[in-house]
Participant: 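My questions will all concern the structure given below.
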Amino acid sequence: MNERLKFIKKLPTPIELQELFPINATLSHIKEQRDKQLQNILTGKDSRLLLIIGPCSADNETSVLDYMTRLSQIREEVSDKIFIIPRVYTNKPRTIGTGYKGMLHQPNLEKKENLIAGIIAVRELNTRIIKETGFTCSDEILYPETYLYLSDVLSYATIGARSVEDQLHRMIASGVNIPVGMKNPTSGDLSVLLNSISAAQHKQQFLFRGWEVATTGNPFAHAILRGYVDKFGNDSPNYHCEHLQRLMHSYQKRKLQNPAVIVDCNHANSNKKYLEQIRIAKDVLLSRRESTGLSQLIKGLMIESYIEDGCQPTHGGVYGKSITDPCLGWTKTKELIYTLREELDL
């Protein structure tokens, strides 16, 4: 008996939970159509820019839905050039592992809810977003076991910088039926990143949730550049033209399917100076314009954005302000989206 590991209760399977909280045919159709458009962007059939944008952490259902509604109101104005995937990162904890652990584990910070309540809260939030805005969203696969509970409502997933070297995350990504963006590790090592993408694109067979499972491989696994930490512990960017060229050449040597990169404009690329995201996004579009190869490789941008600028403590009480990493506020976000739309015409 392992006294440090306590089994509390057996949870419903993903299929059981989806049957208890189903989405209707209309919402399924919205997801199917958006999935198809997203795949066309990654294969080059659709030249629009993919914009993955939203709060660092989806911590509050009311403010997240408010943000998504605002975002949906400008979608049609830019949809000829930009395809928007909102960030609804419900797994997102504080990096140090204590305190806030994301809506999945803490659906209500004032009450000690159990884990199943968190899974239901996350599922219902995603369902409401589809129903009320027509968006299907992105979440991070931080805990591989939870993805299947959301597999019928998400259109995009990411593997974080600290998970991308983990074999289970790589193998789960190979069985995910939506595109998965894999962030470069905190070391910035491109060979590690491309190894992860290769593993995700190939068939895998492994142990998962008490089953022997097999995957078909995910041809839409691709790179996200988020900056790295240098040997002195300083954040360093990897979004510049020379970094993108290096990734392009590495992709060519590996001969991976559907070469693609999303540039994360925050994190180590901005040194978490959230206002820098505006400049970085414009810089990436400039690189995209000036190189035919990069125009084909760079598929999109990732922006951390919420209603209010910056961030606050967990119990700060400011509506629509991030309780994890600092985000770009809505006014600046709206201006940036319109600016990106204009620059894509240049």
Side-chain angles (χ1 to χ4, degrees), residues 21 23 27 31 34 51-72 75 84-95 99-111 113 115-143 146-147 149-160 163 178 180-181 183 224 264-267 272 274 277 302-330 333:
F21 299 91
I23 62 170
L27 302 188
K31 173 176 156 52
R34 282 177 58 80
L51 183 61
I52 304 165
I53 189 166
C56 174
S57 176
D59 62 298
N60 179 283
E61 182 174 353
T62 302
S63 55
V64 168
L65 281 165
D66 181 354
Y67 176 90
M68 298 303 159
T69 300
R70 299 181 192 205
L71 197 60
S72 69
R75 170 178 48 197
I84 297 174
I85 294 280
R87 285 172 54 109
V88 182
Y89 279 29
T90 54
N91 293 327
K92 194 76 173 181
R94 294 191 178 278
T95 304
Y100 180 68
K101 292 183 172 64
M103 183 184 290
L104 174 68
H105 288 91
Q106 292 167 274
N108 187 328
L109 290 173
E110 303 303 321
K111 300 178 182 178
E113 303 274 14
L115 185 57
I116 189 61
I119 295 172
I120 292 169
V122 169
R123 182 169 176 79
E124 290 187 328
L125 174 59
N126 275 278
T127 302
R128 283 192 65 187
I129 290 170
I130 304 173
K131 184 177 181 180
E132 296 176 24
T133 71
F135 280 131
T136 48
C137 302
S138 165
D139 203 344
E140 181 177 352
I141 303 178
L142 188 62
Y143 310 103
T146 63
Y147 165 74
Y149 288 102
L150 305 170
S151 61
D152 59 335
V153 294
L154 295 177
S155 280
Y156 187 88
T158 59
I159 304 292
S163 301
I178 56 176
V180 176
K183 292 195 174 185
I224 298 177
D264 179 348
C265 297
N266 214 10
H267 295 100
K272 292 191 178 179
Y274 67 94
Q277 294 183 103
M302 183 174 284
I303 304 284
E304 290 194 318
S305 156
Y306 211 176
I307 295 171
E308 299 295 336
D309 282 338
C311 64
Q312 64 181 332
T314 303
H315 295 286
V318 178
Y319 178 80
K321 192 170 188 177
S322 176
I323 61 171
T324 46
D325 288 348
C327 294
L328 205 62
W330 175 248
T333 296

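Heavy-atom basis, side chains included; hydrogens, waters and symmetry copies ignored.
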Participant: Enter the distance from Thr127:OG1 to Ile120:CD1 here, rounded to the nearest 0.5 Å.
Facilitator: 11.5 Å
Participant: With side chains defined as the heavy atoms from C-beta onward, is the minimum distance between Ile323 and Tyr306 less than 4.5 Å?
Facilitator: no
Participant: Rounded to the nearest 0.5 Å, what separation is found between the CG atom of Asp309 and the SG atom of Cys327?
Facilitator: 9.5 Å
Participant: Between Arg128 and Glu61, is any pair of side-chain heavy atoms under 4.5 Å apart?
Facilitator: yes
Participant: Is there a side-chain contact between Pro86 and Tyr67 (heavy atoms, below 4.5 Å)?
Facilitator: no
Participant: Show your working on side-chain contact (heavy atoms from CB on, under 4.5 Å) between Thr158 and Arg87 and close with a plain yes or no.
Facilitator: CA-CA 10 Å; Thr158 59; Arg87 285 172 54 109; over 6 Å; no
Participant: Testing the basics here: between Leu150 and Asp139, what is the closest heavy-atom pair and its distance to 0.1 Å?
Facilitator: CD1-OD2, 4.2 Å
Participant: Kindly compute the distance separating CG (Asp264) from CE (Met302), expressed to the nearest 0.5 Å.
Facilitator: 6.0 Å
Participant: Is any side-chain heavy atom of Glu132 closer than 4.5 Å to a side-chain heavy atom of Met68?
Facilitator: no
Participant: Between OG1 of Thr90 and CD1 of Ile119, what distance do you get to the nearest 0.5 Å?
Facilitator: 10.0 Å
Participant: Any salt bridge between Lys272 and Asp325, counting N to O under 4.0 Å?
Facilitator: yes
Participant: Donor-acceptor check, side chain of Arg123 to backbone of Phe21, threshold 3.5 angstrom: yes or no?
Facilitator: yes
Participant: What verdict does the side-chain contact (heavy atoms from CB on, under 4.5 Å) test give for Ser138 and Tyr89, after you've listed the backbone C-alpha separation in whole Å, the side-chain angles of each residue and the deciding distance to 0.1 Å?
Facilitator: CA-CA 7 Å; Ser138 165; Tyr89 279 29; 3.6 Å; yes
Participant: Taking the side chain as everything from C-beta on, heavy atoms only, tell me whether Thr333 gets closer than 4.5 Å to Ile303.
Facilitator: no
Participant: Show the nearest heavy-atom pair for residues Ser155 and Ile85, with the distance to one decimal.
Facilitator: CB-CD1, 4.2 Å
Participant: Give a yes or no answer on whether the side chain of Asn126 reaches the backbone of Leu154 with a donor-acceptor pair at less than 3.5 Å.
Facilitator: no
Participant: Going through the distances and angles, do Ile141 and Asn91 end up as a side-chain contact (heavy atoms from CB on, under 4.5 Å)?
Facilitator: CA-CA 8 Å; Ile141 303 178; Asn91 293 327; 5.9 Å; no
Participant: Leu71 versus Thr133: any side-chain heavy-atom pair under 4.5 Å?
Facilitator: no
Participant: Are Asp59 and Lys321 ion-paired here, with the side-chain N under 4.0 Å from a carboxylate O?
Facilitator: no
Participant: Between atom CD1 of Ile178 and atom OH of Tyr156, what is the distance when rounded to the nearest 0.5 Å?
Facilitator: 9.5 Å
Participant: Would you confirm whether Gln277, through its side chain, and Glu304, through its main-chain N or O, come within 3.5 Å as a donor-acceptor pair?
Facilitator: yes
Participant: Scan Asp66, Asn60, Thr62 and name whichever one has a side chain to side chain donor-acceptor pair (under 3.5 Å) with Tyr319.
Facilitator: Asp66
Participant: Can you tell if the side chain of Lys31 reaches within under 4.5 Å of the side chain of Val153, non-hydrogen atoms only?
Facilitator: no
Participant: Mind running side-chain hydrogen bond (donor to acceptor under 3.5 Å, both in side chains) on Thr136 and Arg34 for me, showing each step along the way?
Facilitator: CA-CA 7 Å; Thr136 48; Arg34 282 177 58 80; 2.6 Å; yes
Participant: Measure the spacing between SG of Cys56 and NE2 of His267 and express it to the nearest 0.5 Å.
Facilitator: 5.5 Å
Participant: Less than 4.5 Å apart, side chain to side chain, heavy atoms only: is that true for Ile159 and Ile224?
Facilitator: no
